[in-house]
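Worksheet: the structure to be examined is printed underneath.
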Amino acid sequence: MNIKAVIFDLDGVILSTDNFHYLSWKKMADREGIYFDREINERLRGVSRMASLDILLEKSEREYSNVEKEKLAEYKNDEYRASLKDLSPDDIFPGVNDFITFLQEKGIKIAIGSSSKNTKFILAQVGLTDQFEGAVSDGTNIIKSKPDPEVFLKAADMVGIPPAECLVIEDADAGIEAGKAAGMITLGVGPAAKHPDADYAALDVSSFDRTLIEA
Ligand code: B16
Ligand code: MG
């Protein structure tokens, strides 16, 4: 693997906000009388907020207008943001900071490629803003969500490295598909470790075999 940049997905790779997403969607669904459970929540991994809402509304007995959908998404996001207020550097997965230092020492660029519009807020909460300065591609600068490659192509552009020399680390199937569509090398972690298109697989960032990386 001869790579010059690593593009990290955020939720599920650097830290886990899964449960906060689940609890805030659940609160919204309960308020609307819509069935929602953790199995459905798994389908929202790596999927944008509005696309997530559309999946959740598949269980609804009625149609929602676009204005109503905007309000539901806003309610969920307010709940979600409130639940993130106690996030701290302690929430970063074990081994992630160490891996970032390893990459920086090897001269490998690092970037973020996340579907979340809350990315910069989350990075600030966990103290990673400086490490990813000028290299954050997220839900605020893309038109098409994963599995479209846009978020990763923009991240590669930000660090000035051609896609073929980028490694994408992802926990979502949609993210592995986006990484491959971008022409990048992919490492699936967590649930995405089982994705057939993942070039490499590991339980998490800390258990990834670093000797595979040469620079
Ligand atoms: P927001 P990632 C994704 O982040 C989450 O996995 C997904 O569950 C969420 O719906 C999406 O961000 C949008 O998040 O509502 O904060 O804009 O895994 O791409 O870092
Ligand atoms: Mg993710």
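Start at 1 and go down the list; that is how both ligands and their atoms are numbered.
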With hydrophobic residues grouped by side-chain heavy-atom distances under 4.5 Å, do [X] and [Y] end up in a single group?
{"X": "Tyr80", "Y": "Leu44", "value": "no"}
{"X": "Ile7", "Y": "Leu167", "value": "no"}
{"X": "Tyr75", "Y": "Phe121", "value": "no"}

Electrostatic pair Arg210:Asp98 at N-O distance under 4.0 angstrom: yes
Pair Lys27 + Glu79, salt bridge at N-O below 4.0 Å: yes
Over-ring placement of Arg62 relative to Tyr64, 6.0 Å and 45° cut-offs: yes
CA sep, side-chain torsions, deciding dist, call: Lys69, Asp54, salt bridge (charged side-chain N to carboxylate O under 4.0 Å, His left out): CA-CA 9 Å; Lys69 284 202 221 173; Asp54 283 335; 2.9 Å; yes
The Mg ion (ligand 2) neighbourhood, protein N/O/S only, threshold under 2.8 Å: Asp9 OD2, Asp11 O, Asp171 OD1
Heavy-atom side-chain contact between Asn2 and Ile213 under 4.5 Å: no
Heavy-atom side-chain contact between Met28 and Leu56 under 4.5 Å: yes
Sorted by chain and number, the residues that approach ligand 1 to under 4.0 Å with a heavy atom: Asp9, Leu10, Asp11, His21, Leu44, Arg45, Gly46, Val47, Arg49, Ser52, Tyr80, Ser114, Ser115, Ser116, Lys117, Asn118, Lys146
